[in-house]
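Take a look at the structure below.
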Amino acid sequence: MSSGPYTYVTLSMRPDSAPHLSIAFHTPGLRVSAGLLFNNPRPYLEIGSRDANVHISTTGAGPVTDTDLATAREIFTATARYLADCERLHAEQSAEPAESAAG
């Protein structure tokens, strides 16, 4: 069972704990962009929908650190995995109607 497209945003605030924000995009209306900010050249990555935006940039909005490079590599690796899984599942799902029609 699947539902229609949506963006789910939650904010959890507990005593003696840091707030926790969670954003789940389940919509085809995503925008993804990356580039360099002009006024203080640093890279950014933005993922957004009409309901919420996530902006990622360097630590403290400063120069690129070794940790920033490691994070960017993790994002790249996770994104490549997401793409591969989407492509594989899409191919499998596209083949299912043809297989059931033939059987």
Around atom OH of Y44, are there more than 12 heavy atoms from other residues, nucleotides or ligands closer than 6.0 Å? yes

Quick check on H55: does its NE2 atom have over 12 non-hydrogen neighbours (other residues, nucleotides or ligands) under 6.0 Å away? yes

Donor-acceptor contacts under 3.5 Å from residues 11-30 side chains, at least two apart:
unit_1	atom_1	unit_2	atom_2	d
T27	OG1	G29	N	3.1

Pair D68, T65 - check side-chain hydrogen bond (donor to acceptor under 3.5 Å, both in side chains), show working. CA-CA 5 Å; D68 296 325; T65 66; 3.0 Å; yes

Contact summary for T7 and A52, nearest pair of heavy atoms: CG2-CB, 4.0 Å

Please find the pair of heavy atoms, one from R50 and one from R31, that lie closest to each other, and give the distance. N-NH1, 3.9 Å

Atom pair [atom1]/[atom2] of [X] and [Y] - distance to nearest 0.5 Å:
X: R81; Y: D85; atom1: CZ; atom2: CG; answer: 4.5 Å
X: T58; Y: N40; atom1: OG1; atom2: CG; answer: 7.5 Å
X: E74; Y: T67; atom1: CD; atom2: OG1; answer: 10.0 Å
X: R88; Y: Q93; atom1: CZ; atom2: CD; answer: 9.5 Å

Do V64 and L69 come close enough that some side-chain heavy atom pair is under 4.5 Å? yes

Got a sec, which residues hit side-chain contact (heavy atoms from CB on, under 4.5 Å) with L45, two or more places apart in sequence or on another chain? V32, A34, I56, I75

